[in-house]
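Following: one structure in structure tokens, then a few remarks.
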Amino acid sequence: MRNAGIWASIVSMAFAGTFLYQSTKVDYDGALGFGPGFFPLWLSIIMLILSVFYLFSSLKEKIHIRKLIPEGNSWVDFLLILLSMAVFVFLLERVGFVLSGTICLILLLFRTFKWYYTVPLSIGITLAIFFIFAKALAIPLPVNALGW
């Protein structure tokens, strides 16, 4: 069984089923309207339906796993993405969101842009995300000793 589409749809259905089950344990209604279970419930149902459609589509057209594995420069890009995510997760609690996000974006962008575009772009994007989530939406993000 080398059809990657079938495996992807099975994993997706298991993921959606797990979230559907977990979303039933959270309140659907809240004091002011929709509760915390509304979005996960409907998102899980939609994902489950789409996974079933994808399963039927995958039965018609086979996608071999070897075609999905990147080659050459794409392999390097794939490894760089994995590395940047690992660095972000490793550094997040240690140095805060802003510094770890900036380093992650620098790792992602340095192959595409020159350094004098990459560094300010990475800092700007990370600061914008930080201020939107931490300040405007009051969502707590990990910070360093300087508070950012």
Does some side-chain heavy atom of [Y] sit less than 4.5 Å from a side-chain heavy atom of [X]?
{"X": "Met47", "Y": "Ser12", "result": "yes"}
{"X": "Tyr21", "Y": "Lys25", "result": "yes"}
{"X": "Phe130", "Y": "Lys135", "result": "yes"}
{"X": "Val26", "Y": "Phe38", "result": "no"}

[Y] reachable from [X] in the ILVMFWY side-chain graph, under 4.5 Å edges:
{"X": "Ile45", "Y": "Phe19", "answer": "no"}
{"X": "Leu82", "Y": "Ile106", "answer": "yes"}
{"X": "Leu137", "Y": "Val98", "answer": "yes"}
{"X": "Ile132", "Y": "Leu121", "answer": "yes"}
{"X": "Ile103", "Y": "Phe90", "answer": "yes"}

Problem - Derivation and outcome, side-chain contact (heavy atoms from CB on, under 4.5 Å), residues Leu91 and Leu99 - result: CA-CA 8 Å; Leu91 292 177; Leu99 192 55; over 6 Å; no

Measuring from atom [atom1] of [X] to atom [atom2] of [Y], what distance do you get when rounded to the nearest 0.5 angstrom?
{"X": "Met85", "Y": "Leu108", "atom1": "CE", "atom2": "CG", "result": "9.0 Å"}
{"X": "Leu59", "Y": "Tyr54", "atom1": "CG", "atom2": "OH", "result": "11.0 Å"}
{"X": "Leu80", "Y": "Arg111", "atom1": "CG", "atom2": "CZ", "result": "6.5 Å"}
{"X": "Phe56", "Y": "Ser51", "atom1": "CZ", "atom2": "OG", "result": "12.0 Å"}
{"X": "Ser84", "Y": "Leu107", "atom1": "OG", "atom2": "CG", "result": "6.0 Å"}
{"X": "Leu50", "Y": "Ser57", "atom1": "CG", "atom2": "OG", "result": "11.5 Å"}

Handout entry: Whether Thr126 side chain and Ile123 backbone form a donor-acceptor pair below 3.5 Å
Key =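 Judged by distance alone, no pair lies under 3.5 Å.
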
Practice task
Say whether, by atom type as modelled, one donor and one acceptor occur between the side chain of Asn3 and the main chain of Ser58 under 3.5 angstrom.
Solution key: yes

Problem - Ring centers of Tyr117, Phe113 separated by less than 6.0 Å - result: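 So the answer is no for these two rings.
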
Nearest heavy-atom neighbours spanning [X] and [Y]:
{"X": "Ser122", "Y": "Leu109", "value": "OG-CD1, 3.9 Å"}
{"X": "Gly17", "Y": "Leu48", "value": "N-CD1, 4.4 Å"}
{"X": "Ser44", "Y": "Leu20", "value": "OG-N, 3.4 Å"}
{"X": "Ser100", "Y": "Gly96", "value": "OG-O, 2.7 Å"}
{"X": "Leu105", "Y": "Ile125", "value": "CD1-CG2, 3.6 Å"}
{"X": "Ile6", "Y": "Ser9", "value": "O-OG, 2.8 Å"}

Exercise for the section: Count the heavy atoms belonging to other residues, nucleotides or ligands that lie under 6.0 Å from OH of Tyr28, then report whether that count exceeds 12. Expected result: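 Counting other residues, nucleotides and ligands, OH of Tyr28 exceeds 12 neighbours.
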
Exercise for the section: Just say parallel, tilted or perpendicular for the rings of Phe97 and Phe88, cut-offs at 30° and 60°. Expected result: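 Phe97 and Phe88: perpendicular rings.
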
Exercise for the section: Show which residues join Leu43 in its hydrophobic cluster (side-chain heavy-atom contacts under 4.5 Å, direct or indirect), or state none. Expected result: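 Hydrophobic cluster check, Leu43: joined to Phe39.
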
